[in-house]
Protein chains: 2
Amino acid sequence: MTMKLNEDMPCHLEISEYLIRNIQSGIFRENEKIPSENELCLKFNVNRHVIRQALTRLTNLGWITPFQGKGCYVNSLQKPIQYVLSSNTRFSDNMENLGVVHQSKLLSWEKGLPSRVEMKNLLLSEKQAVYRLEILRFIEGQPLSVTTTVMPEEEVPQLEIYLQEFKSLYQIMLDHYQLRPVRSRSIFQASLPLLRDAKVLEIPENIPIIQIESLMNHPTGNSIEYSIARIRGDMHKCLVEF
Amino acid sequence: MTMKLNEDMPCHLEISEYLIRNIQSGIFRENEKIPSENELCLKFNVNRHVIRQALTRLTNLGWITPFQGKGCYVNSLQKPIQYVLSSNTRFSDNMENLGVVHQSKLLSWEKGLPSRVEMKNLLLSEKQAVYRLEILRFIEGQPLSVTTTVMPEEEVPQLEIYLQEFKSLYQIMLDHYQLRPVRSRSIFQASLPLLRDAKVLEIPENIPIIQIESLMNHPTGNSIEYSIARIRGDMHKCLVEF
DNA sequence: TAGTGGTCTAGACCACTCG
DNA sequence: GAGTGGTCTAGACCACTAG
């Protein structure tokens, strides 16, 4: 049984659109295998190379993942979690409000001198040391975001002591420094992940991420935390109220 | 003169990495043409198909844009414009504050019944008609965003009269209806563009966009405008203050 | 008209998975 | 061993751009 194709569109585009429609309508189901390249060749009566072009597009757009020797499987469609960004919400609060299993992991940390951007944002001189943390956050066991967080050493002296058993940055700041930072501004941007971030987030390099650069202040005023979060676009929505 | 390749990487990947390095290091310059497919075939001594695989990856990652009959050109690296989102900023205000040449174009409009989502957001019954506008916005002559804007007919009766010479939605609402909507909330999400949006924005479909779904109210309270903007991620940053 | 990218065919060999 | 996706070759015709 072969399949007729439209005339005014390139064949490979036609086929990829057809496959996308089938995924959307549930004919090809989540986490299940779609027909093999050879089967599709027969169905559409085209060369294998055309099918591969169509499947490449589906892969790039995040619909399927190919496994050598096994076949192409439909990606599980994420319903993005809605995160509320306001002056005093943090990751844990949000996830607990949503009743979602969450977890943070400290990937790495260092103490060093601030970069120009960090100096500008945290209003530091070039001699004031900072702690720089790389935090990976999970929901339901899946990596959601990587965040680089920078804090002046003055505000969190000897932070390394508390990093040994890292669970939540917010908790450390509250328990050991009596700090309760307040968000003063955030800058949103959509982009593609760096290769490094794509690896830790376990996503292909074509999946968009939303980058949120935030500045957190002491309630009295001075800046204590500057962070850049890179979050999977397909797993996350961010709500801001005015 | 042919080019030697590494052994442990697929040939097309090797070539695309080589080309990316050349762009990054400025050997291939912004807005200039890279060697043609045929030239690359000779240089690397591979089949044209392999070169095309490599160039497809470069296109997908946003490094180059192919033009039929002309060649592949290195994309200009955008320094994203910073847009300020607050309860009462609109596109024109922002661009004028930045001193940027801007323009809006009405792509299409229709009058019809609200979808379920529109009913929920604008608090309408299924019989209350809405105007639905598709607006394309430019800065410095380049397409920046497409926005779908929905307004209840009640609020802007006979809107079609004023759409003939469309310049700015904000201006129409102010001049003819004495409306000055205020943003009540926005939802941010990073994603890939739909095929239609990619076409009007003149970007490949793998360039991430930031989607901002906003609800605008009458200062007294009721919702008068529900919009979904799809904005080029590489041209736009959005700042929110708390 | 020559050169460029876009589409498509036909066929080959490889690496990997699974029964 | 049969089937799957990954890589690569060789060659064809088309649509578009530019001199």
Side-chain angles (χ1 to χ4, degrees), chain A residues 2-19 23 28 31-75 204-206, chain B residues 2-19 28 31-75 195 198-199 202-206:
Chain A
T2 63
M3 185 86 190
K4 254 265 203 80
L5 289 180
N6 208 332
E7 292 285 319
D8 58 346
M9 240 193 188
C11 185
H12 65 92
L13 244 186
E14 194 77 46
I15 293 173
S16 61
E17 286 294 311
Y18 168 85
L19 294 172
I23 294 172
F28 298 151
N31 303 315
E32 288 189 7
K33 202 171 95 59
I34 65 171
S36 76
E37 295 182 354
N38 272 322
E39 285 172 306
L40 292 171
C41 287
L42 294 173
K43 182 179 184 68
F44 292 102
N45 194 32
V46 292
N47 190 274
R48 181 172 164 227
H49 174 58
V50 175
I51 296 296
R52 284 187 61 78
Q53 250 180 299
L55 294 181
T56 298
R57 178 162 178 259
L58 258 67
T59 306
N60 285 338
L61 295 180
W63 290 103
I64 60 170
T65 305
F67 294 95
Q68 196 169 13
K70 293 175 69 178
C72 287
Y73 287 76
V74 177
N75 291 339
E205 59 178 346
N206 305 64
Chain B
T2 64
M3 184 86 190
K4 254 267 203 77
L5 291 178
N6 209 331
E7 295 283 320
D8 58 347
M9 242 193 187
C11 186
H12 64 93
L13 244 185
E14 195 76 45
I15 293 174
S16 61
E17 285 295 312
Y18 168 85
L19 295 172
F28 298 151
N31 302 316
E32 288 189 6
K33 203 170 94 62
I34 65 170
S36 76
E37 295 182 353
N38 271 322
E39 287 172 306
L40 292 171
C41 288
L42 294 173
K43 183 179 182 68
F44 292 103
N45 194 31
V46 293
N47 188 273
R48 181 171 164 229
H49 175 58
V50 176
I51 296 296
R52 283 186 62 76
Q53 248 181 301
L55 294 182
T56 298
R57 178 160 179 261
L58 258 68
T59 306
N60 285 338
L61 295 180
W63 291 103
I64 60 171
T65 305
F67 294 96
Q68 195 168 12
K70 293 175 69 177
C72 287
Y73 287 76
V74 177
N75 291 338
L195 206 49
K199 285 218 176 95
E202 297 170 25
I203 53 172
E205 58 177 346
N206 304 65

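Below, chain A is the first sequence line, B the second, and so on; all start at residue 1.
- What separates NZ of B/K33 from P of D/dA18 is a distance of 12 Å, to the nearest Å.
- Residues forming a salt bridge (Lys or Arg N to Asp or Glu O under 4.0 Å) with B/E39 (at least two apart in sequence, or on another chain): none.
- Ring pair A/H49/B/H49: centre-to-centre distance below 6.0 Å.
- Atom CD in A/Q53 sits roughly 15 Å away from atom C1' in D/dT7 (whole-Å rounding).
- Applying the side-chain hydrogen bond (donor to acceptor under 3.5 Å, both in side chains) rule to pairs touching residues 53-68 of chain A yields A/S16-A/R57, A/E17-A/R57, A/R57-B/E205, A/T65-A/N75, sequence neighbours excluded.
- Distance from the side chain of B/C72 is smallest to C/dG5 among C/dG5, D/dT7, C/dC8.
- Atom CG in B/L55 sits roughly 12 Å away from atom C1' in C/dG6 (whole-Å rounding).
- Of all nucleotides listed (C/dC8, C/dT9, D/dT9), C/dC8 comes nearest to the side chain of A/C11.
- Applying the side chain to side chain contact (heavy atoms under 4.5 Å, CB included) test to A/K70 and every residue at least two apart in sequence or in another chain returns A/F67, A/Y73.
- Distance A/I34 CD1 to D/dG5 C1': 11 Å, rounded to the nearest Å.
- For the pair A/E37 CD and D/dG3 C1', the interatomic distance rounds to 11 Å; values are reported in whole Å.
- Summarising the geometry of A/P35 relative to A/L40, their closest heavy-atom pair is O-CD1, 3.7 Å, with the distance given to 0.1 Å.
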Protein-proximity profile, nucleotides 10-19 of chain C, B/S/- by nucleotide at the 4.0 Å heavy-atom cutoff, equals B-B--BBBS-
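- In DNA chain D, the stems built from three or more successive Watson-Crick or G-U pairs (distances below 3.5 Å) are C:1-18 with D:1-18.
- Residue B/N38 contributes atom CG, which lies 8 Å from atom P of C/dG5 at whole-angstrom precision.
- One can place CG of B/L58 at 15 Å from C1' of C/dG5, the figure rounded to the nearest angstrom.
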